[in-house]
There are 2 protein chains.
Amino acid sequence: MEDKGSYGQFCPVAMAAEVLCSRWTVLVLREMLAGSTRFNELRRGVPRMSPALLSKRLKELEAAGVVVAAPGERGVVEYRLSPAGEELRPIVMGMGFWGQRWIESQLSLKNLDPSLLMWDMRRNLRVEPMPPRRCTIAFQYPELAENRRHWWLVVNGGAVDLCSVDPGFEVDLYVVGSLRALTAIWMGLTTVGREVAAKQLELLGDAMLARSIEQWLGLSPFAGETRKVA
Amino acid sequence: MEDKGSYGQFCPVAMAAEVLCSRWTVLVLREMLAGSTRFNELRRGVPRMSPALLSKRLKELEAAGVVVAAPGERGVVEYRLSPAGEELRPIVMGMGFWGQRWIESQLSLKNLDPSLLMWDMRRNLRVEPMPPRRCTIAFQYPELAENRRHWWLVVNGGAVDLCSVDPGFEVDLYVVGSLRALTAIWMGLTTVGREVAAKQLELLGDAMLARSIEQWLGLSPFAGETRKVA
DNA sequence: CGGTATCCCCCCTGATACTG
DNA sequence: CAGTATCAGGGGGGATACCG
């Protein structure tokens with residue numbers, strides 16, 4: 001009779017919490033709100049989530065009317081937010097802004113991950129301020145193991161590609177520094193200029209690209225929020 | 001090294017989700033946002049949560065800087081929201097509004113609970129439209145077992161008391177009907193007038209009080225939200 | 001690429017009792 | 001009243017392998 005997972009409360013907060021507050025769920029929603037639609041695309045945003053669990057969550061969200069799964073262009077299933085799901089945007093974003101304001105940055109910076117960071121940067125890179133030609137930006141994190149040290153963002157014709165293996169193009173700009181510094185920049189906790197001055201970051205190559213980096217390197221959507229804690 | 005419960009992501013959404021999205025947590029926050037401060041007061045709002053777990057969650061929220069526990073007037077511990085906790089209000093309320101819009105009401109109405117309903121009504125009853133004298137409203141749910149059938153709201157000098165045992169006062173108004181009907185009214189899914197007309201609800205006693213019931217019987221904070229699903 | 005299947009463990013959770 | 005102690009059970013979810 002009594003559903004095990006249910007709070008047993010008619011209150012809309014409780015009903016909503018049953019849908020939203022299971023492990024990984026809001027992170028999956030965050031990925032979908034950011035525009036990911038394919039299974040493996042979603043996985044890149046939640047790499048530590050097992051595919052079985054991601055599949056289960058997607059089905060749950062579909063059953064709840066939040067996600068619609070339908071074959072896309074080439075018959076491949078695409079997951080999209082329903083209108084109900086789209087209306088979760090202010091809630092998920094609100095959680096992010098709250099986290100940015102109230103979670104100690106030291107705590108966040110314990111969770112460094114170059115793959116997630118580069119993936120985020122790829123998504124938010126601003127193409128317009130860049131030269132119209134193809135540009136290749138190489139990121140290097142010297143302190144990391146070889147297989148996670150090198151990343152390339154290739155901007156070409158308005159599209160941005162992220163590579164973890166050398167695409168072979170001539171590199172226009174090298175961005176070399178600690179993963180912690182670049183993550184802090186991404187989160188709006190510091191700036192490129194400050195980290196360069198502090199020798200945590202080095203820009204090598206095209207001077208124009210280097211000078212305009214704060215124009216084209218997008219920051220986290222939450223970077224502007226004023227912090228209330230250290 | 002790697003914290004087990006952590007998502008391992010620096011993203012503020014993930015950090016916030018670690019704090020907010022464990023079982024029962026948002027319901028505890030809802031209670032605190034509604035004004036409850038004492039342990040057993042909180043328990044009344046989450047009756048199916050074990051005291052051990054409530055205690056654990058309160059400690060977690062305290063560690064996260066969301067809740068402040070401090071001895072109150074008579075040395076009894078009182079739990080209050082910190083500024084960070086208070087800033088969760090739009091998020092928790094947002095979840096409620098979203099639930100009201102997008103969760104099928106049939107689903108909510110599977111979770112009927114007279115104790116929660118009466119506790120909510122006690123909290124939101126509007127004293128001003130009532131006569132200045134002491135008023136006793138008796139609620140009866142004939143279909144329920146004897147021990148959950150009878151409830152009394154006693155309004156006296158601006159204070160509202162909820163009793164599940166007869167306080168002994170003369171009753172000014174009897175509200176008799178199905179728990180489902182009264183819950184639906186509380187949630188804004190229907191109105192007193194409609195349920196009376198449909199014979200799901202009966203008002204007996206003081207005609208003035210009966211006539212003004214929609215003035216003094218407060219509704220759920222989410223009742224006004226326009227529904228998008230059945 | 002896009003998922004299932006399987007295994008298994010740990011911890012969450014619920015229940016009950018108890019204590020200051 | 002305000003919790004803590006203890007215990008048992010179940011399932012959530014992590015890891016890995018596998019399949020179409």
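Lettering of chains follows the sequences in order, A, B, ..., and the numbering in each one begins at 1. Predicted, not measured: the structure shown is a model, and the values here were computed from it. FYI, side chains are in, hydrogens and waters are out, and symmetry mates aren't considered; it's all heavy atoms of this structure.
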Given C:dT4, C:dC1, D:dA2, the nucleotide with the shortest approach to the side chain of B:V76: D:dA2
Touch class at under 4.0 angstrom, heavy-atom based, for A:R38 against every strand present: sugar-phosphate
Whole-Å gap separating P (C:dG2) and CE (A:M49): 16 Å
Between C:dT13 (C1') and B:L27 (CG): distance, integer Å: 15 Å
Qualifying residues under ring-ring contact (aromatic ring centres under 6.0 Å, His included), relative to B:F39, sequence neighbours excluded: none
CD-NZ distance between A:E104 and A:K110, expressed to the nearest 0.5 angstrom: 9.0 Å
side-chain N/O B:Y79 vs D:dG3 OP1/OP2, d < 4.0 Å: yes
Euclidean distance, atom CG of residue B:L53 to atom C1' of C:dC11 [Å, nearest integer]: 11 Å
From B:D120, B:V46, B:D113, residue fulfilling side-chain contact (heavy atoms from CB on, under 4.5 Å) relative to A:Q9: B:V46
Selection residues 79-96 of chain A - residue pairs positive for salt bridge (charged side-chain N to carboxylate O under 4.0 Å, His left out), sequence neighbours left out: A:E78-A:R80, A:E86-A:R89, A:E87-B:R101
Between P of D:dG3 and CG of B:L42, the distance in whole Å: 9 Å
Short side-chain N/O contact from A:R57 to OP1 or OP2 of D:dG12, under 4.0 Å: no
Qualifying salt bridge (charged side-chain N to carboxylate O under 4.0 Å, His left out) pairs, either residue in residues 139-150 of chain B, two or more places apart: B:E146-B:R149
Strictly under 3.5 Å: I want the nitrogen or oxygen pairs between protein and nucleotides 15-20 of chain C, one per line.
none

Net bend of the helix from C:dC1-D:dG20 to C:dG20-D:dC1, end axes of five pairs each, nearest 10 degrees: 50°
Test item: side-chain donor near acceptor, A:S22 and A:T25, under 3.5 Å: yes
Value in whole Å for how far the P atom of D:dT16 lies from CZ of A:R43: 12 Å
A:E41 CD to C:dC1 P, straight-line distance once rounded to whole Å: 11 Å
Spacing of OG belonging to B:S36 relative to CZ belonging to B:R43, to within rounding of 0.5 Å: 13.5 Å
B:F97: ring-ring contact (aromatic ring centres under 6.0 Å, His included) partners, not counting sequence neighbours: B:F222
Any A:W24 side-chain N or O less than 4.0 Å from OP1/OP2 of D:dG14: yes
Whole angstrom value for the distance that separates P of D:dC1 from CG of B:L54: 15 Å
Test: A:R48 cationic atom under 6.0 Å from B:Y7 six-membered ring centre, within 45° of axis: no
Protein-nucleotide distance (A:K56, atom NZ; D:dG11, atom P), rounded to Å: 10 Å
side-chain N/O B:R23 vs C:dG14 OP1/OP2, d < 4.0 Å: yes
